[in-house]
Participant: 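Handing you a structure now.
Scope of the values below: all heavy atoms of this structure, side chains included, with no hydrogens, waters or symmetry mates.
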Amino acid sequence: MRIVKILECSAPLRSTMRNAFIDFSRMTISVVAVVTDVMRDGRPVVGFGFNSNGRYAQGGVLRERLIPRILEADPDSLRSEEHTSE
């Protein structure tokens, strides 16, 4: 399996919760779609994930540092034999 594309976007958390320090209605999360070269029923297998590091999405770090490194990496270095089903 090889990762062929990683799509990233930021999305609002949309929560009405708040405390003395954080207004959660202004928080955002990072959402990613990891597209692979594995095909099932004629379509690529895509993995999805989301996270917020602290209070806000990390789109800049993902786009500028992490995504390029993952796409340039040797595919075998990105997988663990103990967690693969192939």
Participant: Going through the checks in order, is the side-chain contact (heavy atoms from CB on, under 4.5 Å) test met by Leu78 and Ile3?
Facilitator: CA-CA 9 Å; Leu78 300 175; Ile3 296 171; 4.2 Å; yes
Participant: Who are the side chain to side chain contact (heavy atoms under 4.5 Å, CB included) partners of Val61, not counting sequence neighbours?
Facilitator: Gln58, Leu66
Participant: Within the structure provided, determine whether Val35 and Ile6 are in side-chain contact (heavy-atom separation under 4.5 Å).
Facilitator: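 No. Closest side-chain heavy atoms not under 4.5 Å.
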Participant: Tell me, do Val45 and Met39 make a side-chain contact under 4.5 Å, heavy atoms counted?
Facilitator: no
Participant: Between CE of Met27 and OG of Ser10, what distance do you get to the nearest 0.5 Å?
Facilitator: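 So the gap between those two atoms works out to 12.5 Å.
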Participant: Are Val38 and Arg40 side-chain neighbours, meaning at least one heavy-atom pair lies under 4.5 Å?
Facilitator: yes
Participant: Mind checking what makes salt bridge (charged side-chain N to carboxylate O under 4.0 Å, His left out) contact with Arg2, not counting sequence neighbours?
Facilitator: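 Testing Arg2 for salt bridge (charged side-chain N to carboxylate O under 4.0 Å, His left out), a comparison that skips the adjacent residues, returns none.
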Participant: Any donor-acceptor pair under 3.5 Å linking the side chain of Thr28 with the backbone of Ala57?
Facilitator: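 Checking the backbone N and O of Ala57 against the side chain of Thr28, a donor-acceptor pair under 3.5 Å is found.
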Participant: Quick one: pull up CG in Leu7 and CG in Leu62 and give me the separation to the nearest 0.5 Å.
Facilitator: 12.0 Å
Participant: To the closest 0.5 Å, what do you measure between CG (Asp76) and CE (Met1)?
Facilitator: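 Asp76 atom CG to Met1 atom CE measures 10.5 Å (nearest 0.5 Å).
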Participant: Can you give me the closest heavy-atom contact between Pro44 and Thr36, atom names plus distance?
Facilitator: CB-O, 3.5 Å
Participant: Within the structure provided, determine whether Ile29 and Asn51 are in side-chain contact (heavy-atom separation under 4.5 Å).
Facilitator: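 They are not in contact (no side-chain heavy atoms under 4.5 Å apart), so the answer is no.
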Participant: Can you confirm whether Val31 sits close enough to Glu8 that some side-chain heavy atom of one is under 4.5 Å from a side-chain heavy atom of the other?
Facilitator: no
